[in-house]
Amino acid sequence: RLVSNVAQESRIKNKFSFSMRTIQPADADNFDDFLQRYSQCKNLKISHLNWDFLSASLLRLKDKGFSFSRLESLDLQDNGITGSMLEAMSQTFFSIMPQLKTLNLSYNNIGDVGVCHLATSQSMSNLTSLNLGFNNIGDEGAQHLANSPSMINLTSLNLAWNRIRE
C-alpha cells in the first residue's frame with residue numbers, strides 16, 4: 001500500500017527515488033518500514049519532501065540504530081527547503097549518512113542561514129560535491145563555505161544564480 005499510494009519508487013541497482021506527495025499520517029508505520037527496506041541504497045532522490053513526516057519517522061527509527069550507512073549521493077532539489085529546515089536536517093538527517101559524498105540542494109531557499117548550518121555540520125566532512133544553485137545565498141553564506149572546517153574534501157561547488165557579489 002505504501003509504495004503504491006505514497007512513494008512512487010524507481011530502483012536501478014543502488015539508486016532509489018521516491019515522492020512524498022501523497023503521504024498521510026496513517027502511513028507512519030509503513031513509512032518507517034519503507035525507509036528501513038531501502039536504508040542500504042547508495043543514491044537517493046526525494047521529491048515533494050514532507051520534512052515534518054520524514055523527521056518524525058527518523059526520530060522513531062533512531063532508537064533502533066537506523067542509518068543510511070551506504071548512502072553516497074542525496075538529491076533534494078526543488079523541495080522548498082529553508083535555512084531553519086536545514087538546521088534540523090543537519091542534526092537529524094545528514095548525521096545518519098556517514099558516507100555522503102554528493103549533495104544536491106539546488107532550487108530551494110536555504111539562504112545564508114542554511115549555508116551556515118551546512119558549513120558547520122560535522123556530517124559534511126566526506127562531502128566532495130555540493131550543489132547550492134538557486135538558493136538565495138549571499139556573500140555571508142559564501143564566506144561560511146569558504147571558512148568551513150567541515151568541508152575540507154569538497155572538490156565541486158555550484159553556487160550559480162545566487163546573490164553572491166564578491
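When reading the values below, keep in mind they use all heavy atoms of this one structure, side chains included, and skip hydrogens, waters and symmetry mates. This chain uses plain numbering: 1 for the first residue, then up along the sequence.
Taking each heavy atom of Q99 and S69 in turn, the nearest pair found is CG-O, 3.1 Å. The two residues N109 and N135 make their nearest non-hydrogen contact at N-OD1, 3.3 Å. Nearest heavy atom pair, residue C41 against residue L44, reads SG-CB, 4.2 Å. Contact between S39 and S67 at its shortest, heavy atoms only, is CB-O, 3.5 Å. The two residues M85 and G80 come nearest to each other via the heavy atoms SD-O, 3.7 Å. What you find for R163 and N136 is that their closest heavy atoms are NE-OD1, 2.7 Å.
Following chains of ILVMFWY side-chain contacts shorter than 4.5 Å, one cannot reach L86 starting from V113, and the two form parts of different hydrophobic clusters.
Residues L74 and F94 have side chains in contact (heavy-atom distance under 4.5 Å, counting atoms from C-beta outward). With contacts defined as side-chain heavy-atom distances shorter than 4.5 Å, the pair M124/L103 qualifies. Contact of the S121 side chain with the S150 side chain is not registered, since no non-hydrogen atoms from C-beta on lie closer than 4.5 Å. Counting heavy atoms from C-beta outward, L35 and L58 have side chains that approach closer than 4.5 Å. Here the side chains of L105 and L118 are in contact, with some heavy-atom distance below 4.5 Å. Side-chain atoms of M89 and L49, non-hydrogen and from C-beta on, do get closer than 4.5 Å to each other. Residues L100 and N126 form no side-chain contact, since every pair of their non-hydrogen atoms from C-beta on lies 4.5 Å or further apart. At a threshold of 4.5 Å between non-hydrogen side-chain atoms, the residues T102 and E72 do not count as touching.
Rounding to the nearest 0.5 angstrom, the gap separating the CZ atom in F31 from the CZ atom in R60 is 9.0 Å. The distance from atom CG of N147 to atom OG1 of T120, rounded to the nearest 0.5 Å, is 12.0 Å. To the nearest 0.5 Å, atom CZ of residue F68 and atom NZ of residue K42 are 15.5 Å apart. R37 contributes atom CZ, which lies 12.0 Å from atom CG of D32 (distance to the nearest 0.5 angstrom). With rounding to the nearest 0.5 Å, the separation of CD1 in I137 from CD in Q143 is 13.5 Å. Atom-to-atom distance recorded for N131:CG and S156:OG is 8.0 Å, nearest 0.5 angstrom.
Evaluation of the ring pair (Phe, Tyr, Trp, His ring centres under 6.0 Å) test over residues 127-148, restricted to residues two or more places apart or in two chains, returns Y107-F134, F134-W161. For residues 108-131, there are no ring pair (Phe, Tyr, Trp, His ring centres under 6.0 Å) pairs, not counting sequence neighbours.
With hydrogens and angles disregarded, no donor-acceptor distance shorter than 3.5 Å links the side chain of N158 to the backbone of L132. Checked by atom type and distance alone, the side chain of N108 pairs as donor or acceptor with a backbone atom of S106 at under 3.5 Å. When atom types are taken as modelled, the side chain of S57 and the backbone of F53 share no donor-acceptor pair closer than 3.5 angstrom. Looking only at distances, a side-chain donor or acceptor of D27 sits under 3.5 Å from a matching main-chain atom of Q24. Checked by atom type and distance alone, the side chain of N79 never pairs as donor or acceptor with a backbone atom of I81 at under 3.5 Å. Of the possible polar contacts, one joining the S148 side chain to the A119 backbone as a donor-acceptor pair under 3.5 Å is found. Between the N50 side chain and the M20 main chain, no donor and acceptor come within less than 3.5 Å of each other.
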Would F34 and F18 count as a ring-ring contact (aromatic ring centres under 6.0 Å, His included) if you check the C-alpha gap in whole Å, the side-chain angles of each, and the deciding distance to 0.1 Å? CA-CA 11 Å; F34 180 76; F18 71 93; 5.4 Å; yes

Evaluate side-chain contact (heavy atoms from CB on, under 4.5 Å) for L54 paired with I46, printing each intermediate quantity in order. CA-CA 11 Å; L54 179 59; I46 301 174; 4.3 Å; yes

Dump the intermediate steps for side-chain contact (heavy atoms from CB on, under 4.5 Å) on L145 and L130, then the final yes or no. CA-CA 11 Å; L145 287 171; L130 178 60; 4.2 Å; yes

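Under the side-chain hydrogen bond (donor to acceptor under 3.5 Å, both in side chains) criterion, S90 pairs with no residue at all, not counting sequence neighbours.
In this model, no donor atom of one side chain and acceptor atom of the other lie less than 3.5 Å apart for T128 and N153.
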